[in-house]
There are 2 protein chains.
Amino acid sequence: MAKVKYNYLRAAKFLKALSHPTRLMIVNELALGKKCVNDIKELVQVNQPNISQHLSLLKLNGIVDSRQNGKMKCYFLKDEAMMREMFNNLKKNKLI
Amino acid sequence: MAKVKYNYLRAAKFLKALSHPTRLMIVNELALGKKCVNDIKELVQVNQPNISQHLSLLKLNGIVDSRQNGKMKCYFLKDEAMMREMFNNLKKNKLI
DNA sequence: TAAAGATATTCGAATATGATTATATAACAA
DNA sequence: TTGTTATATAATCATATTCGAATATCTTTA
């Protein structure tokens, strides 16, 4: 059992990391281009610590990465193509 | 904010429903064909009440549906094509 | 070095989730 | 009707998530 389930653990974690409205919004914005925390905060309309928390979770799960840019920190998707596919699939099926 | 997030709520719920190793296994099995609870239990190696709980959650989220078949209950994917796409994407990206 | 701006971390409370065990229900057969 | 098989539900406990408030940590500039 454990062995079989293991194959699905990575995928489950990945999906779980995406399965929050705020995080989906963030990822959707990043699919349009690299953005710093404050931009994201404005676009997503969530307070700064919360944005940071969600970003950190996304980063921990290998969905985004970041680069310091002066006193700002810019986040971007690690795999834009894959995320586009995911979102296209969701859109095609009227889930977004 | 609330309004914007609302657009992502359905997708988030959908992804969340999928984001568990056991449920991914179940869905993967159902992608190969309709199966009753006991079959799923054997394939997934999880005890019966737990399987039922996961199935009920999948059903609640519109991912599977069921039909009574004698004293057995068979579950099947509501949208095989979409699930195949999801899984193909995950596989393509080495998440499964 | 001090101040200001941008982002991150920590903590607590509320809530949600998951597994296990026990029990209930439904369908059928004898 | 009684027993048996198949599945569902409920209760409980442990753990995980989420958010907001407070505070900390850079990074740059004065």
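A, B, ... follow the sequence lines: proteins, then strands. Residue 1 opens every chain.
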Tell me which of A/S56 and A/K16 sits closer to the 5' end of DNA chain C, going by the nucleotide each one is nearest to.
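Going by which nucleotide is closer to the 5' end, it is A/S56.
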Nearest-Å distance for atom pair [atom1]/[atom2], residues [X] and [N]:
X	N	atom1	atom2	result
B/R67	C/dA27	CZ	P	16 Å
A/K59	C/dT7	NZ	C1'	11 Å
B/Q45	C/dA19	CD	C1'	16 Å
B/Q68	D/dT5	CD	C1'	12 Å
B/L58	D/dT7	CG	P	16 Å
B/E42	D/dT7	CD	C1'	14 Å
A/I51	C/dT9	CD1	C1'	16 Å
A/H20	C/dA16	NE2	P	12 Å

Is the shortest side-chain N/O distance from [X] to OP1 or OP2 of [N] below 4.0 Å?
X	N	answer
B/Y75	D/dA6	no
A/N50	D/dG20	yes
A/N47	D/dC19	no
B/K73	D/dA8	yes
B/H54	C/dA19	yes

Do A/K35 and A/L32 have side chains that get closer than 4.5 Å, going by heavy atoms?
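Side-chain contact under 4.5 Å: yes.
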Proximity to the side chain of A/C36 - top-ranked nucleotide from C/dA19, C/dT7, C/dT21:
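Nearest listed nucleotide: C/dT7.
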Residue B/M72, side-chain atoms from C-beta onward, closest of C/dG18, C/dT7, D/dT7
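The nucleotide sitting nearest to the side chain is D/dT7.
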So, under a plain 3.5 Å distance rule, would you say the side chain of B/Q48 forms a donor-acceptor pair with the base of D/dA6?
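When only heavy-atom distances are counted, B/Q48 does not reach the base of D/dA6 through any donor-acceptor pair under 3.5 Å.
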Is it the case that the base of C/dT20 and the side chain of B/Q53 share a donor-acceptor contact (distance under 3.5 Å, atom types as modelled)?
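Flag set: donor-acceptor pair detected.
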Residue pair B/I63, B/M83: steps toward the side chain to side chain contact (heavy atoms under 4.5 Å, CB included) verdict:
CA-CA 9 Å; B/I63 292 170; B/M83 281 305 157; 3.6 Å; yes
What's the verdict on side chain to side chain contact (heavy atoms under 4.5 Å, CB included) for A/K41 and A/V46, showing C-alpha distance, side-chain angles and the deciding distance?
CA-CA 6 Å; A/K41 168 179 165 266; A/V46 162; over 6 Å; no
Test log, rule side chain to side chain contact (heavy atoms under 4.5 Å, CB included), inputs B/I26 and B/H54
CA-CA 9 Å; B/I26 292 174; B/H54 285 302; 3.9 Å; yes
Check against side chain to side chain contact (heavy atoms under 4.5 Å, CB included), B/Y75 and B/D65
CA-CA 6 Å; B/Y75 282 81; B/D65 203 351; over 6 Å; no
